[in-house]
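The structure appears right after this line, and notes come after that.
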Amino acid sequence: MLVRSGHNSDRGNAERIDVTQANIDAGNLSAGAVAWFNMMHYASRGYPQVLVDLSKSGTGMGSMLDDDDTSRDSSKDVATVALARAEGVEPELAVYCWSNSEVSASPTLREQRNSHLIGRNSDGTPYDFMNSDPSTIERCIIDTIGRGYRLLGDSCKLVLMLVHPKILTASQTYDPPYPNHRYDKEGGVLYGMPKSNSYPAVPVRKEFPAQPCLDSNGAKIGVSQAVCLFGD
């Protein structure tokens, strides 16, 4: 089952879409969504899977969690999670895979995104959600302090799927020493490293899940969906 965000629904409201051949034929599910469900169906040996869509093209974490940001209606994200819960689903895994608009946050992930992801400042102290500054966010993804400023439940695990098939070492050489194979829409090979892969982005990102407050959460670093090709 897909719980589609109101950001991406033709009706403008969150909606439930069952993964059926009829919905696939009608174009109600993208090729990427179908590929994801096929993969998860295989990996889980048929255990039912639910994907809660909280994506909105052209936005970042700041606009997702800041009610004052007019570039994104954050109430639609809250409503999408509420619909999932009404359908009997409590999200168990939050997957952060913003490989474009969030690319600048990667080299200093803890400093820029601790408050958004886990409700803490970079030093581990509680983030002040009640600050009067307009840039203050109103909620985080999971609240590791348990104050209730969360979009998802306290038991939800956090996975950071980031683009890092290759990195630059401290001496600014590629490791491993091969081109970074990416492709344009015509299928041509693109070389060079995305900004999120520049040194010291990967070592810094590995420090993020090592924070003591995430011991029980089980936060992990993974490889981004950007290394996969869905469809043509």
Side-chain angles (χ1 to χ4, degrees), residues 1-11 13-57 59-61 64 76-103 106 109 113 116-118 140-142 150-165 181-183 194 196 205-206 208-209 214 216-232:
M1 176 176 72
L2 169 68
V3 180
R4 175 172 288 159
S5 165
H7 297 302
N8 303 312
S9 168
D10 292 337
R11 298 183 303 169
N13 298 314
E15 59 183 346
R16 167 180 175 162
I17 300 178
D18 293 318
V19 184
T20 63
Q21 191 60 51
N23 275 327
I24 294 173
D25 293 341
N28 295 327
L29 291 163
S30 68
V34 173
W36 185 91
F37 279 111
N38 284 337
M39 177 185 67
M40 294 305 296
H41 180 79
Y42 174 81
S44 67
R45 299 184 179 182
Y47 189 81
Q49 302 292 319
V50 179
L51 177 62
V52 180
D53 165 34
L54 293 177
S55 64
K56 178 173 171 53
S57 179
T59 64
M61 288 289 288
M64 178 184 185
K76 291 188 175 183
D77 300 305
V78 175
T80 303
V81 175
L83 176 60
R85 288 174 174 148
E87 295 288 347
V89 176
E90 181 61 44
E92 298 177 342
L93 194 68
V95 182
Y96 171 90
C97 55
W98 244 312
S99 53
N100 291 320
S101 60
E102 285 287 295
V103 69
S106 294
L109 186 66
R113 290 295 175 255
H116 299 76
L117 293 170
I118 63 175
C140 54
I141 300 300
I142 56 173
R150 65 183 187 277
L151 181 62
L152 304 177
D154 292 335
S155 62
C156 184
K157 296 185 181 298
L158 180 65
V159 173
L160 310 178
M161 298 183 69
L162 300 151
V163 186
H164 61 158
H181 293 288
R182 296 179 292 141
Y183 301 88
S196 59
R205 283 181 293 188
K206 288 182 177 179
F208 184 90
L214 290 173
S216 60
N217 176 266
K220 301 294 182 183
I221 291 285
V223 178
S224 172
Q225 84 288 356
V227 303
C228 305
L229 294 177
F230 290 140
D232 296 330

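For the numbers below, each heavy atom of this structure counts, side chains included, while hydrogens, waters and symmetry mates do not.
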Open item on the list: Restricting to non-hydrogen atoms, name the atom on A94 and the atom on C156 that form the minimum distance, rounded to 0.1 Å.
Closed with: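 Smallest interatomic distance, heavy atoms only, reads N-SG, 3.5 Å.
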- [ ] Provide the closest heavy-atom pair for S9 versus E15 in the form atom of the first, atom of the second, distance.
- [x]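 Scanning both residues, the minimum pair turns out to be OG-OE2, 3.1 Å.
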With rounding to the nearest 0.5 Å, note down the distance linking [atom1] in [X] to [atom2] in [Y].
X	Y	atom1	atom2	result
R113	F208	CZ	CZ	10.5 Å
N23	I17	CG	CD1	6.5 Å
T59	M61	OG1	CE	10.0 Å
L117	C140	CG	SG	8.5 Å
W36	L51	CH2	CG	4.5 Å
N8	L54	CG	CG	9.5 Å

Task: Set of residues satisfying salt bridge (Lys or Arg N to Asp or Glu O under 4.0 Å) with respect to R85, sequence neighbours excluded - done: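 If we apply the salt bridge (Lys or Arg N to Asp or Glu O under 4.0 Å) test to R85, skipping adjacent residues, the hits are E90.
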TODO: For D25, enumerate each residue passing the salt bridge (Lys or Arg N to Asp or Glu O under 4.0 Å) test, keeping only those at least two apart in sequence or located in another chain.
DONE: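 Once residues adjacent in sequence are excluded, D25 has no partner under the salt bridge (Lys or Arg N to Asp or Glu O under 4.0 Å) criterion.
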Open item on the list: Testing the 3.5 Å rule here: is there a donor-acceptor pair between the side chains of D77 and H7?
Closed with: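 D77 vs H7: donor-acceptor pair found between side chains.
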Report yes if some heavy atom in the side chain of [X] is under 4.5 Å from a heavy atom in the side chain of [Y]; otherwise report no.
X	Y	answer
R150	I142	no
T80	D53	no
L109	L160	yes
I141	M64	yes
V3	V89	no

Open item on the list: Is it true that, when you exclude D18 itself, more than 12 heavy atoms of the residues, nucleotides or ligands shown sit nearer than 6.0 Å to its CG?
Closed with: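 Yes, CG of D18 has more than 12 neighbouring heavy atoms, counting only those of other groups under 6.0 Å.
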- [ ] Could you tell me whether the side chain of R4 and the main chain of N28 form a donor-acceptor pair under 3.5 Å?
- [x]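 Confirmed, R4 side chain pairs with N28 backbone.
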